[in-house]
Chemist: 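Let me begin by handing over the structure; questions about it come next.
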Amino acid sequence: MRFIGAGTREGFEYTLHETFWTIPNVITVVRFLLLPVFFWLVADGAYLAAFWVLAVLSATDWVDGYIARRFDQLSVIGQWLDPLADRLSLMIVTITLVVFSVAPLWVVLAVVIPDLVLLLNVVVLFKGSPQLTVSVLGKIRTACLLVGAPLILLARTPQLEDTVLTLTAELVLAAGCLMHIAASIDYLVKAHGKARQLRRRGIRPRDRALWANGAGG
């Protein structure tokens, strides 16, 4: 069974729905709602409970994509809502773990700084999302970060503290952080490349809606 792009139906002509009310979008909203629960549990020192909440939160990132592809529930809103949920989830989770001394400071620096640089660039260039496809590296990066974060919480429980799990969790997080930096650089290069391409066609990057509707030829 494939994990990246799971649920894809080869040769199937997908419908891009205009409605918000699809199962994947509802699952994405649940992901948003779990973030304050996660924050509260970590702040309270309930690391095992926080581990399970984060495990569910992480799983929704795979589940909503699978359902969207398998059951033809792709939507216009989902195209920007799901990546937004990914970015916010990663930022809030890593900041929470560092603020409450669960994870080292370098984790939040490696995640937040590249995201802020990207945000500044796409806002200046496109006044919003440049509508770029998420790369395989980006998907693997997200998986590593959303696996490493629950592991490091589990390693802070009394039964598993100061075991090999701590080192394992930090290694997975480190791999995810390195890939996050690499994926962010790749995304930044592609965003600037798309902006240059649009300008060559006489389209302002900020008018990307025209490009999306086929004005670019």
Chemist: Enter the distance from L154:CG to Y47:OH here, rounded to the nearest 0.5 Å.
Modeler: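 One gets 13.0 Å once the value is rounded to the nearest 0.5 Å.
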
Chemist: Just wondering, do S184 and V117 contact through their side chains at under 4.5 Å, heavy atoms?
Modeler: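 Counting from C-beta outward, V117 and S184 never come under 4.5 Å.
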
Chemist: Report the distance from atom CD1 of I67 to atom CD1 of I27, rounding to the nearest 0.5 Å.
Modeler: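 Taking CD1 in I67 and CD1 in I27, the distance rounds to 3.5 Å.
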
Chemist: For T28 and D64, test the side chains for any donor-to-acceptor distance below 3.5 angstrom and give the result as yes or no.
Modeler: yes

Chemist: Locate the shortest heavy-atom distance separating I140 from M179; write the atom from each residue and the value.
Modeler: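 Smallest heavy-atom distance, with atoms named: CG2-SD, 3.7 Å.
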
Chemist: To the nearest 0.5 angstrom, please state how far the CZ atom of R141 sits from the CG atom of L146.
Modeler: 9.5 Å

Chemist: For the atom pair SG (C144) and CG (L171), what is the distance rounded to the nearest 0.5 Å?
Modeler: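 The SG atom of C144 sits 11.0 Å away from the CG atom of L171.
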
Chemist: So, do F20 and L81 sit near enough that their side-chain heavy atoms are less than 4.5 Å apart?
Modeler: yes

Chemist: A50: which residues meet the side-chain contact (heavy atoms from CB on, under 4.5 Å) condition with it, sequence neighbours left out?
Modeler: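 Checked A50 against side-chain contact (heavy atoms from CB on, under 4.5 Å); matches are F38, L41, V42, L153.
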
Chemist: Residues two or more places apart in sequence or in another chain: which of them pass side-chain contact (heavy atoms from CB on, under 4.5 Å) with V76?
Modeler: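 Scan of V76 (side-chain contact (heavy atoms from CB on, under 4.5 Å), adjacent residues dropped) gives L16, E18.
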
Chemist: Are side-chain heavy atoms of I185 and I181 found at a separation under 4.5 Å?
Modeler: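 Yes. Closest side-chain heavy atoms under 4.5 Å.
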
Chemist: State whether the side chain of H192 and the backbone N or O of N121 hold a donor-acceptor pair below 3.5 Å, judged by distance alone.
Modeler: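 Flag not set: sc H192 to bb N121 has no pair under 3.5 Å.
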
Chemist: According to a hydrophobic-cluster definition based on side-chain heavy atoms being under 4.5 Å apart (Ile, Leu, Val, Met, Phe, Trp, Tyr only), do V98 and L116 belong together?
Modeler: yes

Chemist: R156: which residues meet the salt bridge (Lys or Arg N to Asp or Glu O under 4.0 Å) condition with it, sequence neighbours left out?
Modeler: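 If we apply the salt bridge (Lys or Arg N to Asp or Glu O under 4.0 Å) test to R156, skipping adjacent residues, the hits are E161.
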
Chemist: Are any of the side-chain heavy atoms of L97 and V107 separated by less than 4.5 Å?
Modeler: no

Chemist: Does D44 have any salt bridge (Lys or Arg N to Asp or Glu O under 4.0 Å) partners at least two apart in sequence or in another chain, and if so, which?
Modeler: none

Chemist: Can you list every pair that meets ring pair (Phe, Tyr, Trp, His ring centres under 6.0 Å) and has a residue in residues 90-120, with sequence neighbours left out?
Modeler: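 Passing the test, one end in residues 90-120: F39-F100.
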
Chemist: Can you list every ring pair (Phe, Tyr, Trp, His ring centres under 6.0 Å) pair that touches residues 159-185, not counting sequence neighbours?
Modeler: none

